[in-house]
Amino acid sequence: MDTAFASHYDPGTSTLELTGTFDRDAWALVHEEVERAFRRTACRLTIDLTRASGVPAHFVGHLVHLCNCCYPGTIVHVAAQRGAPAA
């Protein structure tokens, strides 16, 4: 299975950066990447999706829910949508 996304874990900042284009097959691998990165942290993990493309809103919601249930202290960063008001 060839997916076009990549992951990089930065141990200095406990950040898992997911980049590239996500398709259905790629999403199946994200949970494994999050699990592996969370085990390497000191209970504080940041998941950075700001450089990813093709991220559907429902997946972001699923990822946030997963992190709230299984990976306490995890923060998910997403890029702001163009044309959306700043929060």
Side-chain angles (χ1 to χ4, degrees):
M1 170 172 46
D2 184 30
T3 57
F5 89 97
S7 66
H8 171 69
Y9 178 73
D10 179 2
T13 61
S14 294
T15 299
L16 175 64
E17 183 180 35
L18 301 174
T19 60
T21 304
F22 286 75
D23 58 16
R24 286 182 164 243
D25 295 332
W27 291 122
L29 302 173
V30 169
H31 187 267
E32 292 176 24
E33 295 295 330
V34 172
E35 175 69 28
R36 188 179 349 230
F38 189 77
R39 283 184 278 151
R40 296 176 67 186
T41 70
C43 297
R44 275 233 175 282
L45 175 65
T46 300
I47 300 172
D48 184 358
L49 293 171
T50 58
R51 293 178 43 195
S53 60
V55 181
H58 72 274
F59 177 76
V60 175
H62 174 75
L63 183 59
V64 169
H65 177 74
L66 174 71
C67 291
N68 284 336
C69 293
C70 301
Y71 308 109
T74 299
I75 298 169
V76 178
H77 284 271
V78 295
Q81 289 182 336
R82 292 181 189 180

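Computed over heavy atoms, backbone and side chain alike; hydrogens, waters and symmetry mates excluded.
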Looking at [X] and [Y], what are the two nearest heavy atoms and their distance?
| X | Y | answer |
| --- | --- | --- |
| A52 | L18 | CB-O, 3.5 Å |
| Y9 | A37 | CD1-CB, 3.7 Å |
| R44 | G73 | NH1-O, 3.4 Å |

Problem set entry | Linked, directly or transitively: F59 and L45 (ILVMFWY side chains, under 4.5 Å) |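 Yes, because F59 and L45 connect within a single hydrophobic cluster, where side-chain heavy atoms sit under 4.5 Å apart.
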Does the side chain of [X] reach to within under 4.5 Å of the side chain of [Y], using non-hydrogen atoms?
| X | Y | result |
| --- | --- | --- |
| T46 | T13 | no |
| L63 | L49 | yes |
| V55 | V78 | no |

Problem set entry | All pairs passing side-chain hydrogen bond (donor to acceptor under 3.5 Å, both in side chains) where residues 70-79 contributes a residue, at least two apart |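 Of all non-adjacent pairs touching residues 70-79, those that pass side-chain hydrogen bond (donor to acceptor under 3.5 Å, both in side chains) are H31-Y71, E35-Y71.
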Exercise. Which residues pass the side-chain contact (heavy atoms from CB on, under 4.5 Å) test with H8, sequence neighbours left out?
Worked result: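 Counting only residues at least two positions away or on another chain, H8 forms a side-chain contact (heavy atoms from CB on, under 4.5 Å) with D10.
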